[in-house]
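These notes concern the structure reproduced below.
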Amino acid sequence: MDSSNLTSLPEEGSEETHHSHNLPSAFSSAPTRPPIQTSSQKYAPSDWSGYFDQEDYIQIPDSDDVFHVYMAGTEGPVIFCLHGGGYSGLSFALAASKIKDKARIVAMDLRGHGRTSTQNDVDLSIERLCSDVFSVLKTMYGDAPPAIVLVGHSMGGAVAVHVAAKKSLPSLAGLVVVDVVEGTAMASLIHMQKILSNRMQHFSTPEKAIEWSIKSGSLRNIDSACVSIPSTLKYDDSKKCYTHRARLEETEQFWKGWYEGLSEKFLSSPVPKILLLAGTDRLDRTLTIGQMQGKFQMVVVRHTGHAIQEDVPDEFVTLVLNFVSHNRIGPHGIEIPGLRRPPQSKP
C-alpha cells in the first residue's frame with residue numbers, strides 16, 4: 001500500500017493541546033495512541049528462528065542434492081511436514097511454535113523450493129518427490145526412525161499420500177492431508193497455467209511480496225505471511241527484483257501424476273488418516289464412499305483459505321495434536337495401553 005494514498009493524520013498533540021484548556025474530557029485518561037505503522041513495517045519479514053528451534057542441510061549420500069529442513073521439539077513422534085507447490089517449509093512455522101511442546105516437528109523444503117538445492121529443480125515428478133522424502137528420512141534417522149506422522153498440504157499432501165501408499169516406511173504412524181482432493185485437483189489443472197501467469201511476478205522488496213500475498217487473498221494471516229513468503233522468493237540480478245523461487249510453470253508435465261488415483265491411494269494407506277478441508281463440496285465419489293465406511297476422519301475448517309496451516313495455525317495444531325492423541329501415536333509408533341515396549345538398545 002502506497003503511503004501517499006493515506007489521508008494525512010493530525011500531528012501528534014495538535015488536538016490534544018486544544019482540549020487541554022477545556023474541562024477534562026471523557027478521553028483524558030485514554031492511553032497514548034500507538035505509533036502508526038507504515039506499510040513496510042506492517043509487512044516486514046520475520047525470522048524463522050522465532051518459530052523453529054533449528055535448521056539443517058541434509059546432504060543425500062552419493063548425490064549433489066542438499067535438502068533444507070526446519071526442526072523443533074525434542075520429544076514425541078515426528079510430525080514431518082510437506083508444503084504445497086510454490087510454498088516452503090516455513091508454511092508450517094506458526095504451527096511449529098505450538099506443536100513443539102508436544103511433539104517433534106520437521107518441515108522440509110521440497111525440491112525446487114526454499115533453500116533446498118538439487119541437480120534438477122524442475123523434476124517435480126511424483127516418483128522423484130517421493131524418493132526425496134525417503135532419502136531425507138533415511139539420511140536423518142538411519143535404520144531406526146522414530147514414529148512418523150506425515151503431514152502434507154496441497155501438492156505436498158499428494159506426496160504424503162503416495163509415500164504412505166508405498167508401505168515402505170515401517171515407522172509411519174499417521175497421515176494428515178491438508179486441502180487436496182483428487183477430483184477437485186484434477187479438474188483445476190486446466191486453469192493452473194493461467195493462475196500462475198496471472199499472479200504478480202516481480203517484487204521490488206520482500207515486503208511487497210508479503211503485502212501482495214495478503215491483499216490477493218492467497219494467505220489470510222499476516223504473521224504467517226511475514227515468516228513464510230520471503231523463503232518463496234529469489235533475487236533476480238538481471239531484473240533487479242525478487243521473483244518466485246519455484247518454477248512451477250515449467251513443471252506442467254508432472255501435475256497430473258501428483259493427483260491421479262490419489263483417492264484410492266489415500267484409502268489404501270495402512271495408517272490412521274485425517275483429511276482437513278477448507279470447503280464442504282470437495283469430496284469425490286471414492287472419498288465419499290470411504291468416509292461413509294469410516295475409513296478416515298474428515299474435518300471441514302471454516303473461515304480459512306487454501307493454506308489452512310498458515311491461515312488458522314491454532315486450529316490446525318489442535319486438529320493435528322488431537323489426531324495424534326486419539327490414535328495413541330507415541331515416539332515409537334502406536335502405543336497400546338497396558339503393553340510395555342521393550343527398551344530400545346542404543347547403538
Side-chain angles (χ1 to χ4, degrees), residues 64-68 81-91 107-133 152-162 178-220 224-225 228-262 278 305-307 309-310:
D64 292 330
D65 295 346
V66 180
F67 288 89
H68 181 250
C81 301
L82 306 173
H83 61 77
Y87 295 77
S88 82
L90 290 180
S91 186
M108 76 182 264
D109 288 338
L110 294 171
R111 174 179 296 263
H113 292 75
R115 293 184 185 173
T116 282
S117 127
T118 66
Q119 288 176 290
N120 184 348
D121 274 357
V122 291
D123 179 4
L124 297 190
S125 65
I126 194 66
E127 295 79 14
R128 172 68 69 190
L129 292 170
C130 288
S131 166
D132 290 343
V133 171
H153 169 237
S154 200
M155 176 193 81
V159 177
V161 168
H162 278 83
V178 184
D179 212 42
V180 58
V181 166
E182 178 183 348
T184 315
M186 292 297 284
S188 68
L189 288 184
I190 54 167
H191 308 294
M192 270 305 293
Q193 283 291 9
K194 190 173 182 189
I195 290 166
L196 290 172
S197 62
N198 281 350
R199 64 183 179 165
M200 201 171 205
Q201 304 292 338
H202 306 106
F203 307 96
S204 55
T205 63
E207 285 85 347
K208 290 292 181 193
I210 293 165
E211 183 175 1
W212 171 79
S213 76
I214 293 293
K215 292 189 170 175
S216 67
S218 60
L219 292 179
R220 300 185 185 184
S224 191
S228 73
I229 290 295
S231 62
T232 67
L233 306 171
K234 63 177 182 188
Y235 189 72
D236 187 321
D237 280 317
S238 62
K239 294 176 179 162
K240 300 284 181 258
C241 67
Y242 291 87
T243 60
H244 299 286
R245 154 81 170 99
R247 289 144 55 192
L248 292 178
E249 60 285 351
E250 297 173 37
T251 65
E252 184 173 3
Q253 59 181 308
F254 306 120
W255 298 348
K256 216 179 204 179
W258 298 344
Y259 305 122
E260 222 162 27
L262 196 64
H306 178 47
Q309 73 282 6
E310 298 210 46

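Numbers for residues simply follow the sequence, beginning at 1.
Proximity of Gln201 to Arg199: side-chain heavy atoms (C-beta onward) are separated by under 4.5 Å at one or more points. Looking at Phe67 and Thr118, their side chains come closer than 4.5 Å, going by heavy atoms from C-beta outward. Side-chain contact between Val180 and Trp258 is absent, with no heavy-atom pair separated by less than 4.5 Å. Contact annotation: the side chain of Trp212 never approaches that of Ile229 to less than 4.5 Å [non-hydrogen atoms, C-beta and beyond]. For the pair Thr243/Lys234, a side-chain contact is recorded, criterion being any heavy-atom separation below 4.5 Å from C-beta on. The closest side-chain heavy-atom distance from Leu110 to Leu82 is below 4.5 Å. Two residues are said to be in side-chain contact when any heavy atoms from C-beta on lie closer than 4.5 Å; Trp255 and Gln193 meet this criterion.
Donor-acceptor pairing under 3.5 Å is recorded for the side chains of Gln309 and Ser91. Side chain to side chain, Ser238 and Asp236 meet the donor-acceptor criterion of an N or O pair below 3.5 Å.
To the nearest 0.5 Å, the span separating NE2 on His83 from OG on Ser231 amounts to 8.5 Å. In this structure, CD in Glu249 is found 6.0 Å from CG in Leu196, a value given to the nearest 0.5 Å. Note that the OG1 atom of Thr205 and the CD1 atom of Ile210 stand 8.0 Å from one another [nearest 0.5 Å]. With rounding to the nearest 0.5 angstrom, the CD atom of Glu260 is 9.0 Å from the NE2 atom of His162. Between the CG atom of Asp109 and the OG atom of Ser117 there is a distance of 11.0 Å, given to the nearest 0.5 Å. With rounding to the nearest 0.5 Å, the separation of CE in Met155 from CD1 in Ile126 is 8.0 Å.
Not one N or O on the side chain of Asp64 forms a donor-acceptor pair closer than 3.5 Å with the backbone of Gln119. Judged by distance alone, the side chain of Thr251 and the main-chain N or O of Phe254 form no donor-acceptor pair under 3.5 Å. In terms of modelled atom types and a separation under 3.5 Å, the side chain of His113 and the main chain of Arg111 share a donor-acceptor contact. At least one donor-acceptor pair under 3.5 Å links the side chain of Thr116 to the backbone N or O of His68.
With respect to Glu310, the side-chain hydrogen bond (donor to acceptor under 3.5 Å, both in side chains) criterion is satisfied by exactly one of Ser224, Ser218, Ser213: Ser224.
Ring pair His244/Phe203: centre-to-centre distance below 6.0 Å.
Every residue two or more places apart in sequence or in another chain was checked for a side chain to side chain donor-acceptor pair (under 3.5 Å) with Thr232, and none qualifies. Every ring pair (Phe, Tyr, Trp, His ring centres under 6.0 Å) that His153 has, sequence neighbours left out, goes to Tyr87, His306.
Among all heavy-atom pairs drawn from Ser188 and Ala185, the shortest one is OG-O, 2.9 Å.
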